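Let me begin by presenting the structure, written as structure tokens, before commenting on it.
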Protein chains: 2
Amino acid sequence: MANKKKTTIKDIANVLNISAAAVSKALHNNPRISDKTKKAVLQVAENLNYQPNHLASALRSGKSKLVGVIVPKTNSNFFSATIHNIEEVLNEEGYNVIITQSNESYKKECANINTLLFTQVDGIIASMANETTDLSHFQKIKDAGIPLITFDRGENDLNVDYIGIDDYESSHKIVNHLVAQDCKRIAHIGGFKRTRIYNNRIKGYIDALKKHNLPLDNELLIESSLTTEDGREKMQKLLNLKQRPDAVYVAGDYAALGALQVLKEQNIKIPEEIALVGFGDEPFSKMVTPPITSVNQHSYKIGRMAAKTFLDYIEKDTFKQSLKKQILEAKLIVRESSNKKNDLE
Amino acid sequence: MANKKKTTIKDIANVLNISAAAVSKALHNNPRISDKTKKAVLQVAENLNYQPNHLASALRSGKSKLVGVIVPKTNSNFFSATIHNIEEVLNEEGYNVIITQSNESYKKECANINTLLFTQVDGIIASMANETTDLSHFQKIKDAGIPLITFDRGENDLNVDYIGIDDYESSHKIVNHLVAQDCKRIAHIGGFKRTRIYNNRIKGYIDALKKHNLPLDNELLIESSLTTEDGREKMQKLLNLKQRPDAVYVAGDYAALGALQVLKEQNIKIPEEIALVGFGDEPFSKMVTPPITSVNQHSYKIGRMAAKTFLDYIEKDTFKQSLKKQILEAKLIVRESSNKKNDLE
DNA sequence: TTTAATTGGTTAAACGTTTAACCAATATTT
DNA sequence: AAATATTGGTTAAACGTTTAACCAATTAAA
């Protein structure tokens, strides 16, 4: 009910007997408008419950003040926290954030990009789906002339900004920790090799073993989709080996949870018989029994840095993007599942 | 790089020596345009890589083809799955979905609504924050003349559509189940009473006890924020009672997880000494040890119904909204944490 | 053969802003 | 007192579509 028609800048102008342009300027605090007029405009705007038409201003100014975010899934603590931090920074600068999820599907990711470009966002902050190998849909973002910032799951070939943790180094930290716990046969349930971050974790795992003069046993290196279900399966596979590992480093917490299940079902002592380490520090990791050692990915910093990087481009509006990596050191959080020696932390 | 300027409808018109209006109509498959012209337009559009300017069309037509979604948090399985299903239905009809999260904060929820209205969405599908009691910000949506559909966390006072499960009945199912397991002192760690769904669960709990002639012990009815941490605290509180409960029904899975922790830490046998039931059927609930009995909230159906309800309003564009409730029966999923008698399901 | 209907468009206005270009009135400088 | 600068605006065009109203040419009906 009420007055159906929305109040526009013109309505305000009519009330005050000034031009619409003056109203627009007043609302934008343009110095060429007197304080008296500004006050009056603000007052009338308030009275008439004026809501600026975002569409019109975006159309005219070419800026939508909208930023698109693409994540593989929102029900992961890392992604949802990162989004939250992106929002915090961007809202402050008057930007609004549109979230879309790809559900790890290449097709949905393409659709997401279309949606966002269609909505005329001023930029896109994205983390890629597991399935994605072809990158042409991301190329469309660059072609549109708006900044593209990638985080966590990125690809060098895109030649855009990337923010993430040092996955290679994280694997080293994990292996170092496990070796310090006297583990000698360390297995790795990794993600898909085609995804850069998982490949880096694998490489880090291999090199770290080398560094410690441990042999690389191909039976102990397994590729996984990293779902809980697949974690169970791959753990079972490891248990079926003639020579079982004495430690398992799983590249994702959900899969680590599955692995934990299997170990417990078979009454294998954790960490004494097999030590377990996850990745991502999901909230449940510290809640299960035993709590799972994991790696915190700094969603706080990553979100803020991604947002700031976007703002930088807007500010100096030079869209000459290049492969600029901002790499953070991740933090290993040691918990019972791998803490044989009861190290204090 | 490339041609900076985007191709518009006019560019296509120029190439074909027809009017922009004709192009617009051709693209919308208007019957007044010949098939030959349509084909030509489509071809040229393709060649010039034409992307329609959504802003302009939305401004002119008054429809943005955007639907806003507000959820308390995205890192809950229920909400993220619901969003996914909303998207599925709406995308098919040419609508795009903008997701925002309130983080259970009243202030952020207000900001979310402003963002969405500002973005000129054609409708909003929302689930309220825990903190929210005042509803004036939702009134703004109604005032804007666009449909508002609420789900899971709604309020009767808003007088709009609501889709959710039958919380009252769900409590009955849970209590029935626990009584069937010979539990006599059933506690309830509930959500905030001010939130309708939690209040309904509490009411259901109380009435179900009555039905089974069990006394209502106020010590056994506790209000909680339902975070994992608070679940721990409230469980501890129950354990400190002179007379402990023999079953605990927690109104959320995250809090149930916390409760489970405490029980296990104190070596209390589950379900023999204390049976445990959660709510929401988060994925981890079936993964922990022992798996937690929980209630599935039909995110699939709820998401689809919410989307369809929105579409209904659009179709018959009569915005005479009223309190129309669509209530689904929830499903109790019995797992080890409460299955004393090893019922088969 | 005249009239009416259909086909395939065109023209121009509109959606609500923003912004470059302009201008009159007043204030300041020389 | 004349020249210049500042203040506080106004006008009009533009952003890229959509759409109501119009029209010429062709086809069909009477």
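Chain A is the first sequence line, chain B the second, and so forth, proteins listed ahead of strands; every chain is numbered from 1. This one's a predicted model, so the numbers in the text were calculated from it and none came from an experiment.
- B:Ser19 comes within contact range of at least one nucleobase, with a heavy-atom separation under 4.0 Å.
- Atom C1' of nucleotide D:dT7 and atom NZ of A:Lys36 are separated by 13 Å, given to the nearest angstrom.
- Within 3.5 Å, no donor on the side chain of A:Arg32 pairs with an acceptor on the base of D:dG9, nor the reverse.
- There is no side-chain donor-acceptor pair under 3.5 Å between B:Asn103 and B:Ser105.
- Annotation: side chain to side chain donor-acceptor pair (under 3.5 Å) contacts involving residues 15-29 of chain A, sequence neighbours excluded, comprise A:Asn29-A:Lys38.
- For the pair A:Glu131 and A:Arg194, the salt-bridge criterion is not met [side-chain N within less than 4.0 Å of a carboxylate O].
- Checked by atom type, the side-chain pair B:Tyr162/B:Asn156 shows no donor-acceptor distance below 3.5 Å.
- Rounded to 10°, the helix from C:dT1-D:dA30 to C:dT30-D:dA1 has 40° between the axis fitted to its first five pairs and the one fitted to its last five.
- B:Asn14 meets the side chain to side chain donor-acceptor pair (under 3.5 Å) test with no other residue; sequence neighbours excluded.
- Between B:Lys38 atom NZ and C:dG9 atom C1' the separation is 12 Å, expressed in whole Å.
- Evaluation of the salt bridge (charged side-chain N to carboxylate O under 4.0 Å, His left out) rule for A:Arg60 yields no partner, not counting sequence neighbours.
- Look at CD1 on A:Ile18: it is 14 Å from C1' on D:dT11, rounded to the nearest Å.
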- Query: In B/S/- notation, 5' to 3', how is nucleotides 13-18 of chain C contacted by protein heavy atoms closer than 4.0 Å?
  - Reply: BBBBBB

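- Taking atom NZ on A:Lys39 and atom P on D:dG8, their separation rounds to 13 Å, with Å as the unit.
- Checked against side chain to side chain donor-acceptor pair (under 3.5 Å), B:Lys10 has no partners two or more places apart in sequence or in another chain.
- Under the 4.0 Å criterion applied to side-chain N and carboxylate O atoms, A:Glu93 and A:Lys65 are not assigned as salt-bridge partners.
- Within the 4.0 Å cut-off from OP1 or OP2 of C:dG9, at least one side-chain nitrogen or oxygen of B:Thr37 is found.
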